Amino acid sequence: MATSLISSIIWSLSSMSSRWDFTMLARLVSNSGLQAIPPPQPLKVLGLHEEQIKTLNKKFASFIDKVQFLEQQNTMLGTKWSLLQRQEVAQSDMANLFTSDINNLRRQLETLGQEKLKLEAEGGHMQGLVEDFKNK
């Protein structure tokens with residue numbers, strides 16, 4: 001009878017698929033006078049959980065690496081952006097300088113043009129005086 005009881009327990013363990021089966025098996029064992037043995041942890045399930053944890057850990061490490069890489073790129077892009085903004089300010093400052101230089105040169109050209117006209121008029125007047133002196 002003990003052999004058949006052990007066989008049925010082994011059969012029940014091998015076909016155990018839910019908590020209900022274990023409860024029934026525990027009652028069967030306790031009614032037979034044998035000591036109840038806690039169910040063994042299924043090694044396949046533990047191995048599966050370990051693999052899932054390893055996989056998740058690898059994914060998490062990869063995620064952290066990506067975040068660090070993106071932070072480095074963000075810092076680099078921020079630096080480039082500030083340099084470009086400074087460069088644009090420098091270029092606009094240069095444009096302002098060129099514009100003011102061009103305006104100064106135009107004023108000088110206008111002044112020189114006016115002086116030329118005045119000197120040409122004086123030169124013409126002097127030429128007339130020289131002609132008058134030659135004729136006398």
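Only this structure's heavy atoms are used, side chains among them; waters, hydrogens and symmetry mates stay out. No experiment lies behind these values; they were computed from the predicted model shown.
- For residues 100-115, the pairs satisfying side chain to side chain donor-acceptor pair (under 3.5 Å) are Asn104-Arg107, with sequence neighbours left out.
- For Leu84, the side chain to side chain contact (heavy atoms under 4.5 Å, CB included) partners are Gln87, not counting sequence neighbours.
- Judged by distance alone, with hydrogens and angles left aside, the side-chain atoms of Ser62 form no donor-acceptor pair with the main-chain N or O of Lys58 at under 3.5 Å.
- Counting only distance, with no hydrogens or angles, the side chain of Asn135 and the backbone of Glu131 share a donor-acceptor pair below 3.5 Å.
- Atom CG of Leu70 and atom CZ of Phe63 lie 9.0 Å apart (nearest 0.5 Å).
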Counting only pairs under 3.5 Å, give me each side-chain donor-acceptor contact of residues 119-129, with atom names and distances, residues two or more places apart or in other chains.
none

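- The CD atom of Gln52 sits 10.0 Å away from the NZ atom of Lys59 when rounded to the nearest 0.5 Å.
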